[in-house]
Every structure is written in C-alpha cells, then in structure tokens.
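Inspection log for the structure reproduced underneath, given as structure tokens.
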Amino acid sequence: MRKHIVAGNWKMNNDLAQTQTLISELKKQSKTSNAEVMIAPSYTNLWPAFQATREEGEIEVVAQNMHFAENGAYTGEVNASMLKSIGIKTVILGHSERRAYYNETDDSLAKKVDAALANDMRIIFCFGEELQDRKAGNEENIVESQIKNALFHLDASAFKHIILAYEPVWAIGTGETASPEQAQNMHAFIRKTLATKYGDDVANSVSILYGGSVKPNNAKEIFGKPDVDGGLIGGASLKAEDFYAIVNAF
Ligand code: PGA
C-alpha cells in the first residue's frame, strides 16, 4: 500500500520561540490515522525542531529547499550534507514559490534532485500549473513537462525516494481549493504519466500529495480520492489543532 503523508510547509513563518511553542502544541495532539507526519520549518529552526521531535519520533522534520552543489562559493545557500549532518533526511524541492521568486527551473531542479538522491535523501517534489494554464485547458501538458524535465532522467529505483506533490498555483494560499474531482483527475494523470515511462509497479508505489488550501473542513473529501495519498499543507499547518485535524482526516 502507498504511504499516506501529511507534510506541513511552514514557509517563512515562526522564529525560534514560536517554533518551540508550535512543536510542543503538535506533541499534545493525538494521531488517529496511519499518515506519516512531517513539518518543514525554516533553516534556522531545523536543528531545534529536530531535537524537539527526535525522541517521540512521530514527526519528521524536513527542509524546504537546498542547493545542488556539494560545497563552494554560494553565499546564503545550504547543501544536502549540511542538512544530513543535523539529521534531516527529506527535502521539499520545486515549490511554486521557489520557482516564481527565485527562478528555479526544471534544469536547476533536476540538479537538486540528483544532489538529494546522491546524498540518500528523500524528496517531496512539487509542481503544478498556474491559473492561466488551467483556463487554457493546458494543465496536463504543463504538469507532464514539469515532471519529465526534472525527473525522467532517473532510474526507476530512484522513485523509492520520491514523493510527488501536485500543487496548482491558483490554489496555494488563496483559499480556493481544487475540487476533489480536479485533484483526483490530475493525480490519476500523473500516475499514468509515470506508468508510461516506468511501468505500473513504480507508478502505483509513489505517493502523490495534493497541496493548495487544504483545511480541516475539506481534507477528508480530498484524501478520500483513490489517487490522493496525502497533503502538503501551508497555512493550516501553522495551527496544531488544524494540522492534526488534517493528519487525522485519513
Ligand atoms: P496553502 O499552501 O495550504 O497555504 O495553500 C500550500 C503550499 O504552498 O504547500
């Protein structure tokens, strides 16, 4: 069976004290579902978050981004070995905000994917169409090319370490969610795209998360769709009760 995963992308929110408070509130919640739980605090709070969660083991702390280079003159950047050295084993790559504001491209993301895999890290790979693409009926072409360009140079075995996250840009932080049917249709298309290249076994084993205004009141319906294996949660991951209501929606 595919893993169910609910990951909280904190984006650029929470200083150290707020991180510690939110984690202690998360630890008071009880998990009644089989979903794996992840949180992605900012770089400066990864280590304290890792320390605060490691003993209990229910919450995995993951990074929001990393650079593809091993080391070197890249001021302000963080690489895979730095993340690994503080216990981080999973990284989010290709979030639409990184694509939009920091010029991340399919090419640079392919390099980041390779660097993460070379360091035995797990990847949550994000992609999704913009509103204009959907209005033009072009969403499948966009999603297909984002996946092909960044991932299709990989061997099938790499997909053991990859989680996909479909996040339509028009639904992120807008309060507008893709309908459960829109999410299901796209997730089924993504699985078909994987199957065409790598076969059914790979396609059926990869978890595909949906992201974009998932809230406690819509999570159950979205997660109820057969090809939706979890969620990447922004705004609602900043409140412990809301986040666990989503975790427990499975
Ligand atoms: P949102 O963000 O839940 O606030 O829409 C989702 C994301 O960007 O991953």
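Counting starts at 1 for both ligands and their atoms, in listed order. Along the sequence shown, residues carry numbers from 1.
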Practice task
Check I172 against ligand 1 and report side chain, backbone, both or neither, counting heavy atoms closer than 4.0 Å.
Solution key: both
Problem - Test item: S213 side-chain N/O and G175 main-chain N/O as donor-acceptor pair under 3.5 Å - result: yes
Completion exercise
Within the 4.0 Å heavy-atom cut-off, what A171 brings close to ligand 1 is backbone
Fill in the blank from the handout: The protein heavy atom nearest to atom 3 (O) of ligand 1 is G234 N, 2.9 Å
Fill in the blank from the handout: Quick note on ligand 1: atoms under 4.0 Å from a heavy atom of G212 include exactly 5 (O)
Practice task
For ligand 1, find out whether one of its N or O atoms is nearer than 3.5 Å to an N or O atom of I233.
Solution key: no
Problem - Per-atom contacts, ligand 1 versus L232 - under 4.0 Å to a heavy atom - result: 6 (C), 9 (O)
Completion exercise
ligand 1 atoms nearer than 4.0 angstrom to some heavy atom of G173 are 1 (P), 4 (O), 5 (O)
Handout entry: E130 with R134: basic N within carboxylate O range, under 4.0 Å
Key = no
Fill in the blank from the handout: Near H95 (heavy-atom distance under 4.0 Å), the atoms of ligand 1 are 7 (C), 8 (O), 9 (O)
Handout entry: Heavy-atom gap S213 to ligand 1 smaller than 4.0 Å
Key = yes
Problem - Within-cut-off N or O pair, K215 and ligand 1, under 3.5 Å - result: no
Fill in the blank from the handout: The protein heavy atom nearest to atom 9 (O) of ligand 1 is E167 OE2, 2.6 Å
Problem - Between Y198 and F152, ring centroids under 6.0 Å - result: yes
Exercise for the section: Side-chain contact test, heavy atoms from C-beta onward, threshold under 4.5 Å: evaluate it for L209 versus Y166 and give yes or no. Expected result: no
Handout entry: Subset of ligand 1 atoms that lie under 4.0 Å from at least one heavy atom of N9
Key = 9 (O)
Name every donor-acceptor pair, under 3.5 Å, that has one atom in a side chain of residues 70-77 and the other anywhere in the protein, sequence neighbours excluded.
none

Practice task
Flag the pair R54 / E60 as yes when at least one side-chain heavy-atom distance between them is below 4.5 Å, and no otherwise.
Solution key: no
Exercise for the section: Show which atoms of ligand 1 fall inside a sub-4.0 Å distance from at least one heavy-atom site of G235. Expected result: 1 (P), 3 (O), 4 (O)
Practice task
Mind checking the CD1-NE2 spacing from I208 to H187? Nearest 0.5 Å is all I need.
Solution key: 6.5 Å
Handout entry: side-chain hydrogen bond (donor to acceptor under 3.5 Å, both in side chains) pairs, two or more places apart, involving residues 22-33
Key = T32-N248
Practice task
Verify, without hydrogens or angle tests, whether N204 (side chain) and D200 (backbone) share a donor-acceptor contact under 3.5 angstrom.
Solution key: yes
